[in-house]
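Working notes for the structure below.
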Amino acid sequence: MGRKTRKVAIVGTGLVGSSCAYAMINQAVCEELMLINRSPENALAQALDLSHCMDFTNSRTKIYAGSYDQCGDMDVIILAVGSNPKNPGSRLDALDSSLEMVKGIIPPIMESGFNGVFVVATNPVDIVTYAVWRLSGLPRQHVLGTGTSIDSSRLKTILSEIFPVEPRSVQGFVLGEHGESQFVAWSHVTIGGKPIRQVIEQNQSRFGLLDLDDIANRTRLAGWEIFKRKGSTHYGIGNALAFITRSVLNDDHRIMAVSAILEGEYGQHRVCVGVPAIISANGVHEVVELNLIAEEQQKFAQSCDLMRSFLESARLVEPEGTPVIHPAQLGQPIPGSTANAEFSS
């Protein structure tokens, strides 16, 4: 019996998209990989360059440049379009340009007959993921973003250097916005299965002076530390995209932090933020609701409120008492609203 060919498209072949493609062919994530870019020549050049890796990999991936009308039979479409933030410190300043991009991308993809899973990396990823869901008309489970997956990985790396252990021996999540209002759910961080606060308490001579707030701040700023030195971050997020995509294609049911659209989970509605979720062939199989302590619940609610305010101002969700917004109107100002005004987190 023949095995179904796993097909993935990457929209955007800049540093993030090309890093993702490179990770995917080296990890044999799929059998067929299509690259799409607003410059077809760039997509073609990337595909040719990547195809020359095949002699040095353990499996063969068919990689080629394509277009939106070829997306109908794709299993996963990765969105890696977008520009870098104007001012280091907030990813939210890319909102207007990112929304304009996805409004031009999602309709032709859906017209091709696509019915798979969207994985979004475009910043601000939580808001853009919500916009992709609204524009696509797909079930909310079929649209997810990279969210705080990379932040959670950064946290584990920092902690592995402090304790020291191998990063995968650290378990824990960064929740909320992939941005300034994110926070570490310390009540659920463990080292080898042991709660981190218990590890600190029992090893005062070694870790008694450890400042968890400082570690959370280092985690939040890790991307900017890279950005200010080389102008972008792409290897980590490219690998995160490949990891999430593989989990979808393999129906892994692996738990990781992603941007998921919430409709009741954690008591939140009409918002998309980073939460741990079970990733399966249909995208978000289930959101994992952690039993957060009071302080963490407050931080989570504040992050959700911030994201929801941007969604409402950009007319991606309907403020209370307003008519339901048609997808064609997404991003258009609501009369009397502050849509398209500049915000900072």
Side-chain angles (χ1 to χ4, degrees), residues 76-79 82 91-92 95 98-99 101-103 105-107 109-110 114-152 173-179 181-182 240-241 244-245 247-248 253-290 292 300-320 322 324-327 329-331:
V76 176
I77 294 180
I78 296 168
L79 296 185
R91 298 167 180 85
L92 291 167
L95 177 57
S98 294
L99 288 180
M101 288 183 193
V102 298
K103 285 172 67 178
I105 291 169
I106 304 305
I109 288 178
M110 299 312 298
F114 176 68
N115 193 35
V117 173
F118 277 110
V119 179
V120 181
T122 300
N123 277 319
V125 66
D126 304 295
I127 299 172
V128 174
T129 299
Y130 199 97
V132 170
W133 171 55
R134 291 295 310 274
L135 287 163
S136 69
L138 291 170
R140 66 182 175 111
Q141 293 84 357
H142 289 207
V143 183
L144 63 148
T146 49
T148 51
S149 59
I150 187 66
D151 304 292
S152 299
F173 299 102
V174 175
L175 303 185
E177 174 197 5
H178 172 53
S181 66
Q182 67 176 234
L241 283 164
I244 293 169
T245 301
S247 296
V248 172
H253 285 68
R254 185 184 293 271
I255 297 175
M256 65 187 82
V258 296
S259 293
I261 297 149
L262 305 182
E263 288 297 343
E265 298 88 352
Y266 289 94
Q268 298 291 332
H269 298 267
R270 303 181 308 129
V271 74
C272 178
V273 291
V275 290
I278 301 170
I279 307 303
S280 71
N282 290 323
V284 176
H285 179 76
E286 183 179 343
V287 170
V288 177
E289 296 190 61
L290 301 179
L292 302 176
F300 187 77
Q302 289 173 344
S303 190
C304 288
D305 287 345
L306 177 64
M307 292 298 94
R308 195 179 294 106
S309 71
F310 278 90
L311 290 169
E312 291 179 356
S313 294
R315 206 176 185 187
L316 293 169
V317 300
E318 302 81 13
E320 295 298 330
T322 61
V324 173
I325 299 168
H326 187 273
Q329 298 175 294
L330 293 179

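Along the sequence shown, residues are numbered consecutively beginning with 1.
- At least one donor-acceptor pair under 3.5 Å links the side chain of Ser152 to the backbone N or O of Val174.
- Taking the side-chain contact (heavy atoms from CB on, under 4.5 Å) definition, one finds that Ser303 meets it with Glu177, Ser181, sequence neighbours left out.
- Between the side chain of Trp133 and the backbone N or O of Ile261 there is no donor-acceptor pair closer than 3.5 Å.
- Separating the CZ atom in Arg315 from the CZ atom in Arg134 is a distance of 10.0 Å, to the nearest 0.5 Å.
- Partners of Thr245 according to the side chain to side chain donor-acceptor pair (under 3.5 Å) rule, which considers only residues two or more places apart in sequence or in another chain, do not exist here.
- Rounded to the nearest 0.5 angstrom, Gln182 CD and Phe300 CZ are separated by 13.0 Å.
- Of the possible polar contacts, none joining the Tyr130 side chain to the Val317 backbone as a donor-acceptor pair under 3.5 Å is found.
- The distance from atom CG of Leu292 to atom OH of Tyr266, rounded to the nearest 0.5 Å, is 5.5 Å.
- Remark: Ser259 engages Asp126 in a side chain to side chain donor-acceptor pair (under 3.5 Å) (not counting sequence neighbours).
- The main-chain N or O of Ile278 is never found under 3.5 Å from a side-chain atom of Arg254 such that the two would form a donor-acceptor pair.
- Every residue two or more places apart in sequence or in another chain that forms a side-chain contact (heavy atoms from CB on, under 4.5 Å) with Thr146 is listed here: Ala121, Val125, Ser149, Ile237, Leu241, Ile244.
- In terms of modelled atom types and a separation under 3.5 Å, the side chain of Glu265 and the main chain of Glu263 share a donor-acceptor contact.
- Here SG of Cys304 is found 6.0 Å from CG of Leu262. Values are rounded to the nearest 0.5 Å.
- For the pair Ile279 and Met256, the minimum side-chain heavy-atom distance is below 4.5 Å.
- For the atom pair Thr122 OG1 and Met101 CE, the distance stands at 8.0 Å (nearest 0.5 Å).
- Note that CZ of Phe118 and CG of Leu79 are 6.0 Å apart. Values are rounded to the nearest 0.5 Å.
- Considering only residues two or more places apart in sequence or on other chains, Gln268 meets the side chain to side chain donor-acceptor pair (under 3.5 Å) condition with Arg308.
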Can you give the donor-acceptor pairs under 3.5 Å from side chains of residues 280-287 to other protein atoms, not counting sequence neighbours?
unit_1, atom_1, unit_2, atom_2, d
Ser280, OG, Asn282, N, 3.4

